[in-house]
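Here's the structure, in structure tokens; my notes come after.
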Amino acid sequence: MTELPMADRADVVLPVVAADLKDALESALFSDDPETEREALSALVAADPAFLEAWGRLSEVARDDVERYAYARVGYHRGLDALRAAGWGGTGYCRWEHPSNRGFLRCLATLRDAAAALGETDEVDRIDAFLLDLDPDWDDSLVERS
């Protein structure tokens, strides 16, 4: 990948998610039962497959590493589509500081973790580099706090 000067790299900010979807996500995340949470999150992505935060959260409550990988991979690819639609040309930033970018970055971080669990070390290295390329201030603890 060719390094571009910082001034030549624009910040891409994904569209804000509708308030009703955010509310439904918050409701789904407050369940004490993992199966209930999975069902609620699954219903959210079925209702709006472009809802990246729901894909990321669904990957976090998956039953196993393969399921986690699959959910995160779908969210990652949906996120790439969203980034491109927002004007990203493969070289801009997608920073955690913008709340609407967090669903995509969560999917990417979860994909990396699932790839590690499956022994996909080359993919882990690529994703680590991609996360830092998208957000030079990337820190995994960002995902854990939100």
Side-chain angles (χ1 to χ4, degrees), residues 1-29 34 37-146:
M1 213 179 283
T2 304
E3 280 295 315
L4 294 173
M6 297 278 273
D8 292 344
R9 299 183 72 186
D11 259 6
V12 175
V13 180
L14 294 172
V16 174
V17 173
D20 61 325
L21 287 175
K22 285 182 187 178
D23 291 344
L25 177 66
E26 287 302 315
S27 294
L29 296 176
E37 190 172 352
R38 266 192 304 279
E39 288 174 10
L41 290 167
S42 181
L44 278 174
V45 298
D48 188 343
F51 188 9
L52 302 176
E53 184 72 19
W55 281 110
R57 297 295 185 151
L58 185 58
S59 70
E60 292 173 346
V61 296
R63 288 174 280 251
D64 59 41
D65 294 329
V66 172
E67 188 175 299
R68 175 190 299 250
Y69 184 90
Y71 292 142
R73 170 84 44 202
V74 171
Y76 162 69
H77 282 286
R78 297 300 304 241
L80 286 177
D81 292 343
L83 280 174
R84 289 183 189 109
W88 183 75
T91 58
Y93 295 115
C94 177
R95 298 177 193 268
W96 183 266
E97 69 187 54
H98 304 292
S100 58
N101 290 347
R102 293 179 183 172
F104 171 68
L105 293 168
R106 178 180 302 282
C107 288
L108 190 54
T110 305
L111 178 61
R112 188 238 3 243
D113 296 345
L118 297 174
E120 293 285 333
T121 56
D122 289 345
E123 185 169 19
V124 170
D125 293 343
R126 284 190 304 274
I127 294 172
D128 276 335
F130 191 31
L131 282 165
L132 286 171
D133 193 47
L134 290 169
D135 187 342
D137 298 323
W138 179 259
D139 181 335
D140 285 337
S141 68
L142 297 169
V143 175
E144 296 164 8
R145 288 196 306 251
S146 65

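- In this structure, D125 has no side-chain hydrogen bond (donor to acceptor under 3.5 Å, both in side chains) partners at least two apart in sequence or on a different chain.
- The line from CD of E97 to CG of L105 is 11.0 Å long, rounded to the nearest 0.5 Å.
- Looking at residues two or more places apart in sequence or on another chain, you find no side-chain hydrogen bond (donor to acceptor under 3.5 Å, both in side chains) involving W88.
- The minimum heavy-atom distance between K22 and V17, with the atom names listed, is CE-O, 3.4 Å.
- For A86, the side-chain contact (heavy atoms from CB on, under 4.5 Å) criterion is met by V12, L14, not counting sequence neighbours.
- Counting heavy atoms from C-beta on, the side chains of D137 and W96 never come closer than 4.5 Å.
- The shortest side-chain heavy-atom distance between F51 and L25 falls under the 4.5 Å cut-off.
- The distance from the OH atom of Y93 to the NE2 atom of H98 is 11.5 Å, given to the nearest 0.5 Å.
- A salt bridge does not link E53 with R102: every distance from a Lys NZ or Arg NE/NH1/NH2 to an Asp or Glu carboxylate oxygen is 4.0 Å or more.
- Annotation: side chain of L44 is not in contact with side chain of W55 (no heavy-atom distance under 4.5 Å).
- By the 4.5 Å heavy-atom criterion applied to side chains, Y76 and I127 are not counted as neighbours.
- We find the CG-OH distance between D64 and Y69 to be 14.0 Å, quoted to the nearest 0.5 Å.
- Summarising the geometry of A72 relative to S59, their closest heavy-atom pair is N-CB, 3.7 Å, with the distance given to 0.1 Å.
- With rounding to the nearest 0.5 Å, the separation of CD in E144 from CD in E60 is 9.5 Å.
- Rounding to the nearest 0.5 Å gives a distance of 9.5 Å between SG of C94 and CG of L131.
- Residues forming a side-chain contact (heavy atoms from CB on, under 4.5 Å) with D113 (at least two apart in sequence, or on another chain): none.
- The line from NE2 of H77 to CG of L52 is 12.5 Å long, rounded to the nearest 0.5 Å.
- Sorted by first and then second residue, the salt bridge (charged side-chain N to carboxylate O under 4.0 Å, His left out) pairs involving residues 66-82 (not counting sequence neighbours) are R63-E67, R73-E123, D81-R84.
- The salt bridge (charged side-chain N to carboxylate O under 4.0 Å, His left out) test applied to D48 returns no partner, not counting sequence neighbours.
- Every residue two or more places apart in sequence or in another chain that forms a side-chain contact (heavy atoms from CB on, under 4.5 Å) with V61 is listed here: E37, R38, L41, L58.
- Using a distance-only test at 3.5 Å, with no hydrogens or angles considered, no donor-acceptor pair links the side chain of T110 to the main chain of C107.
- Counting heavy atoms from C-beta outward, L134 and L108 have side chains that approach closer than 4.5 Å.
- For L132, the side-chain contact (heavy atoms from CB on, under 4.5 Å) test picks out W138, with sequence neighbours left out.
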